[in-house]
Amino acid sequence: MPTFQTLPGFREFYPDALAQRNHLFKVWRQTAVTFGFQEYDAPVLEPLDLYRTKSGPEIEQQLFSFTDKGGREVALRPEMTPTVCRLVGEQAATLKRPIKWFSIAEFYRYERMQKGRGRCFFQFNADVFGETGIEAETELIALLIQALCAFGLAEPDFYIRLSDRNLWFYYLEALGLDEPRARAILGAVDKFEKIGDKAFEEYQTQFGALEAVLKERILALLSIKSMASLEALMAPLHNEKVQGRIGEWKRLIGNLTAMGLGGFVEVDLGVVRGLAYYTGFVFEAFDRKGELRALAGGGRYDNLVGKLGYSELPAVGFAIGDMTFALLLEQRGLMPSYVNAPDVYFVLGGEAERMAAFPALQALRASGIRVEYPMRPLAFGKQFKAATESGARFAVIYGQDEVARGTAKLRDLQSREEREIGLGDLVDALRSALRA
RNA sequence: GCGACCAUAGCUCAGCUGGUUAGAGCAUCAGAUUGUGGAUCUGAGGGUCGCGGGUUCGAAUCCCGUUGGUCGCCCCA
């Protein structure tokens with residue numbers, strides 16, 4: 001007997017698990033729609049070059065890629081951003097601005113498995129194209145927060161760390177660092193949270209010792225946790241670019257505060273999101289307890305559409321992954337356990353009663369009521385047990401006596417009350433009973 | 001790519017320093033029970049002890065390898 005295992009890192013969704021997954025998708029979809037986002041989808045398989053162009057050749061290590069029978073180098077998509085940029089880039093001339101799109105899709109990465117990370121996963125992606133101002137960030141951060149709150153999560157559960165690559169560059173420039181040095185510092189900043197002072201070693205081997213005063217100023221910005229202290233740190237610089245950027249910060253935080261979302265957002269310049277394609281504000285969502293990896297991440301990427309060969313188009317986007325998010329919902333007891341329950345369970349006396357019940361069974365199902373019945377002849381006792389275990393609200397009993405009278409009994413399985421109903425009135429009776 | 005730990009029934013696990021035919025609970029199915037319930041009782045099915053090799057009179061148990069899982073590191077788009 002051959003034994004086939006699921007491929008490493010891949011997941012099967014048995015009915016209970018799929019019900020939970022569907023719950024996530026449904027709430028995400030509803031939330032995105034209320035924010036005026038439109039849903040799209042795209043191929044799972046893309047040209048390998050799409051990712052090489054975006055992320056560099058080393059990305060191939062992390063991809064499920066192969067050569068197809070036509071000799072094309074292809075890859076299962078590891079993320080949605082390049083794809084959505086391609087879609088938007090193709091039609092940019094005709095799309096009304098702002099372009100607000102979302103998707104819920106599966107992605108594949110050839111990686112080692114860890115808690116909250118597998119080789120296949122789903123992401124809720126949302127992007128705004130064609131908007132250079134912080135209104136786009138406002139819209140997306142608000143959507144991100146709501147996409148988590150819609151499950152019952154609140155301020156004690158998660159928060160958004162807000163950072164800004166532009167502010168970092170302007171700040172470092174004001175401190176006298178050229179761009180290569182500034183980039184190296186950002187690399188160190190990204191690692192500082194994890195490895196501390198060691199993070200600066202690479203900078204120092206490349207550019208020589210980092211002045212103590214300078215390092216102090218960098219660590220000062222890293223430790224900022226509020227808008228007020230951010231302003232206080234920046235004011236003495238008297239730098240026009242920095243002050244302009246601080247103005248943007250105040251407007252963005254002001255917008256979110258006016259929406260009542262200020263409590264979710266923390267100033268935290270420690271978030272740089274790698275050396276990715278981000279060009280401005282970047283943000284990540286974390287659980288407050290700090291037990292899980294990032295729930296979501298996003299930011300502005302104004303150059304990517306152009307980099308893929310289309311006209312420049314400013315963009316902001318984020319993605320929420322399903323794995324870490326599901327872990328958080330479970331931790332907080334917010335993952336509903338679905339009972340796959342019918343509305344009505346038919347209890348059938350015998351073959352004659354079964355035939356008598358089938359017209360109503362089909363009529364009820366056709367009218368959208370979910371009806372279950374035993375496929376094999378069963379004792380009444382067994383049928384009632386099955387009806388109860390199914391989770392149905394009502395049982396309809398087709399016994400010999402009732403059918404002879406042209407009726408069936410409608411039994412409320414919670415209250416255990418029964419009434420006899422003419423077969424012709426059954427559909428209407430059940431409809432109104434289920435509404436109650 | 002690197003490291004640690006783990007692998008016995010569908011699930012959770014027991015199985016002593018190696019010793020007859022590998023067990024329990026839960027779950028499933030059946031019977032008690034052909035006109036009224038989530039209970040109870042009885043019974044059944046379900047295992048190449050992840051796989052392969054080695055040591056031994058004898059291996060679920062010890063050793064090596066391998067596959068898979070969990071959790072870290074690297075990476076995280």
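In the text below, chain A, chain B and the rest are named by the order of the sequence lines, each starting its count at 1. Remember, predicted model here, so these are calculated numbers, not experimental data.
Listed by chain and number, the residues in a side-chain contact (heavy atoms from CB on, under 4.5 Å) with A:Glu73 are A:Leu48, A:Arg52, A:Thr67 (sequence neighbours excluded). By the salt bridge (Lys or Arg N to Asp or Glu O under 4.0 Å) test, A:Arg11 is found to be paired with A:Asp322, residues two or more places apart in sequence or in another chain being considered. Listed by chain and residue number, A:Arg251 satisfy the salt bridge (Lys or Arg N to Asp or Glu O under 4.0 Å) test with A:Glu135 (two or more places apart in sequence, or in another chain). Partners of A:Arg393 under the salt bridge (Lys or Arg N to Asp or Glu O under 4.0 Å) rule, at least two apart in sequence or in another chain, do not exist in this structure. Residues forming a salt bridge (Lys or Arg N to Asp or Glu O under 4.0 Å) with A:Glu284 (at least two apart in sequence, or on another chain): A:Arg273. Here A:Tyr398 pairs with A:Phe346 under the ring pair (Phe, Tyr, Trp, His ring centres under 6.0 Å) rule; sequence neighbours left out. The ring pair (Phe, Tyr, Trp, His ring centres under 6.0 Å) test applied to A:Phe384 returns no partner, not counting sequence neighbours.
With no hydrogens or angles considered, no side-chain donor-acceptor pair links A:Glu372 and A:Ser390 at under 3.5 Å.
Using P as the reference atom, B:G54 and B:C11 are 30 Å apart when rounded to the nearest Å. One P atom belongs to B:C49, the other to B:G23, and the distance between them is 13 Å to the nearest Å. A gap of 14 Å separates the P atoms of B:A9 and B:A22, to the nearest Å. Rounded to the nearest Å, the gap between the C1' atom of B:C63 and that of B:U55 is 7 Å.
Atom CZ in A:Arg293 sits about 11 Å away from atom P in B:C74, given to the nearest Å. Atoms CZ (A:Arg117) and C1' (B:U70) sit 14 Å apart, rounded to a whole Å. Between the CE atom of A:Met113 and the C1' atom of B:A4 there is a distance of 17 Å, rounded to whole Å. One can place CZ of A:Phe121 at 9 Å from C1' of B:A77, the figure rounded to the nearest angstrom. Going from atom CZ of A:Arg405 over to atom P of B:G35 covers 16 Å, rounded to whole Å. Between the CZ atom of A:Phe318 and the P atom of B:A77 there is a distance of 15 Å, rounded to whole Å.
Among residue pairs with one or both ends in residues 116-132 of chain A, those qualifying as salt bridge (Lys or Arg N to Asp or Glu O under 4.0 Å) are A:Glu111-A:Arg117; sequence neighbours excluded.
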- [ ] If a protein heavy atom is under 4.0 Å from the base, mark B; if only from the sugar-phosphate, S; if neither, -; do that for nucleotides 5-12 of chain B going 5' to 3'.
- [x] --------

Open item on the list: How would you summarise protein contacts on nucleotides 36-47 of chain B per nucleotide, using B for base, S for sugar-phosphate only and - for none, with heavy-atom distances below 4.0 Å?
Closed with: BBBS--------

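When heavy atoms are screened at a 4.0 angstrom cut-off, A:Leu378 is found touching no nucleic acid atom at all.
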Open item on the list: Let me check I have this right: for RNA chain B, each base becomes ., (, ), [, ] or |, based on Watson-Crick or G-U pairs with both distances under 3.5 Å. What is the full string?
Closed with: (((((((..((((.....[...)))).(((((.......))))).....(((((..]....))))))))))))....

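Geometric assessment of A:Arg161 against the ring of A:Phe286 yields a positive cation-pi assignment under the 6.0 Å and 45° thresholds.
Between the A:Asn125 side chain and the A:Ala319 main chain, no donor and acceptor come within less than 3.5 Å of each other.
With ring centers used as reference points, A:Phe325 lies 6.0 Å or more from A:Phe124.
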Give me, pair by pair, the N or O atoms of the protein and of nucleotides 1-3 of chain B that are less than 3.5 Å apart, along with how far apart they are.
from: B:C2; atom 1: N4; to: A:Arg112; atom 2: NE; distance (Å): 3.4

